[in-house]
Amino acid sequence: METEWNGIMEHTVETGKILAMDTSTKTLACAIVEKGQVIQASHSAAERNHALKLIPIVQELLALENIASKDLDGIAVGIGPGSYTGVRVGVTAAKTLAWTLDKPVAAVSSLYALALTGAAQAESVIQDLPEHAKLIVYPMMDARRGQVYTGSFAGGREKLLRLIRHQDELAALEEGLIRQREDEIILFEKIVMQAADQLQAESDVHILFAGETSPQQEAIEAIQAAHADRVHLMPCEIHAGWIGRAGELLLRQGKTTPAHQLEPNYAQLTEAETKLKAREQAASEPS
């Protein structure tokens, strides 16, 4: 039986091979994931060429595994936020493939995938945390003018280590890193203030800034100086494997998005991007 909630179709999907993609940043990330394991992946920094390179990369990965596109069990796509132009490339491709192949599609927060990537790459940091420590992860994408695209996610040390070390266990993913704050665009100085309040309020809290951290390096170093070894830094790019794992969990839970309803999450558009989107919508309307 299918039910619909907030535009998401709830119909459990028996997952096998999942095509995962994200184009929200300068990195074009694509992978094939099966039962939580990455069996093929490609990550390339080609921001201006995502639209040209995405489908050929998908075809290459499928060919390497001798998988026909019709034999995929589902599609997972990062829906942003991030670059307006970049995000829509991946979403449009996923929408087209899902519609053409009649496959279920899972919409994954690109920031959630970035938080998972950062946590996985910070395994040694998490290993060294006190047993009952709580880690709050702030994934970061530069939004210019002192702003970042971010959200926040939290997890305990033991559950995070299980998530990282048992990536084929979707239960570990579901329980490992829990959303605390919705995706948004915000001045980074406000995030620093929030993180400082969290560190002051709870002695077992640690903070991890993950992703595109270099534009905010000075502010991060300042909060690190104030809170010694409780603030951690992990520069990284989204790994498509985490898009695939998160998508696989959504598909198994039946939280699929109808292809025609799949839309990017822009969080908030710049003035130029707002005007561009308005022109595109006007051009697509019948005269």
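Values below: every heavy atom of this structure, side chains too, minus hydrogens, waters and symmetry copies. The structure displayed is predicted, hence computed values, not measured ones.
- In this structure, E263 pairs ionically with K95, as a charged nitrogen and a carboxylate oxygen lie closer than 4.0 Å.
- Taking the centre of each ring, Y138 and F188 stay at or above the 6.0 Å mark.
- Between the side chain of D73 and the backbone N or O of K17 there is at least one donor-acceptor pair closer than 3.5 Å.
- Residue L199 is not grouped with residue L208 when hydrophobic side chains (ILVMFWY) are merged at heavy-atom distances under 4.5 angstrom, including chains of intermediate members.
- At least one side-chain heavy atom of P139 sits less than 4.5 Å from a side-chain heavy atom of T150.
- Scanning for side chain to side chain donor-acceptor pair (under 3.5 Å) contacts around E184 gives R181, with sequence neighbours left out.
- Classified by interplanar angle (parallel below 30°, tilted 30° to 60°, perpendicular above 60°), the ring pair H206/H232 is parallel.
- Note that the CD atom of E189 and the CD atom of Q147 stand 10.0 Å from one another [nearest 0.5 Å].
- Looking at S42 and E60, their side chains never come closer than 4.5 Å, going by heavy atoms from C-beta outward.
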Practice task
Before giving the answer on side chain to side chain contact (heavy atoms under 4.5 Å, CB included), spell out for C30 and T23 the whole-Å C-alpha distance, their side-chain angles and the decisive distance to 0.1 Å.
Solution key: CA-CA 9 Å; C30 190; T23 58; over 6 Å; no
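- Of the charged side-chain nitrogens involved, none lies within less than 4.0 Å of a carboxylate oxygen, so that R157 and E131 do not count as a salt-bridged pair.
- A continuous path of hydrophobic side-chain contacts links L54 to L101 [ILVMFWY only; heavy atoms under 4.5 Å].
- At a threshold of 4.5 Å between side-chain heavy atoms, the hydrophobic network of Ile, Leu, Val, Met, Phe, Trp and Tyr places L249 and I164 in one connected group.
- Between V77 and D22 the shortest side-chain heavy-atom distance does not fall below 4.5 Å.
- Nearest heavy atoms, A29 versus H43: CB-CD2, 3.4 Å.
- Looking only at side-chain heavy atoms (C-beta outward), M141 and I238 come within less than 4.5 Å of each other.
- Under the 4.5 Å side-chain contact rule for hydrophobic residues, V91 and L19 share a cluster.
- Using modelled atom types, one finds a donor on one side chain and an acceptor on the other under 3.5 Å when comparing Q253 with E174.
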Result block: side-chain N/O donor-acceptor pairs under 3.5 angstrom for residues 214-227, not counting sequence neighbours:
unit_1	atom_1	unit_2	atom_2	d
Q217	NE2	E221	OE2	3.2
Q224	NE2	V231	O	3.3

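- Under the rule for a ring-ring contact (aromatic ring centres under 6.0 Å, His included), H166 has no partner lying at least two apart in sequence or in another chain.
- Between Y266 and Y84 the shortest heavy-atom distance is CE2-CD1, 2.7 Å.
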Exercise for the section: List the steps and the verdict of side chain to side chain contact (heavy atoms under 4.5 Å, CB included) for I67 and I32. Expected result: CA-CA 10 Å; I67 300 171; I32 299 172; 4.2 Å; yes
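- Under 4.0 Å is where a charged nitrogen must lie from a carboxylate oxygen, and between R252 and E248 at least one such pair does.
- Considering all non-hydrogen atoms of both residues, A113 and W242 come closest at O-CB, 4.0 Å.
- Under the 4.5 Å side-chain contact rule for hydrophobic residues, I191 and Y112 do not share a cluster.
- Q127 and R165 form a side-chain donor-acceptor contact under 3.5 Å, judged by distance and modelled atom types alone.
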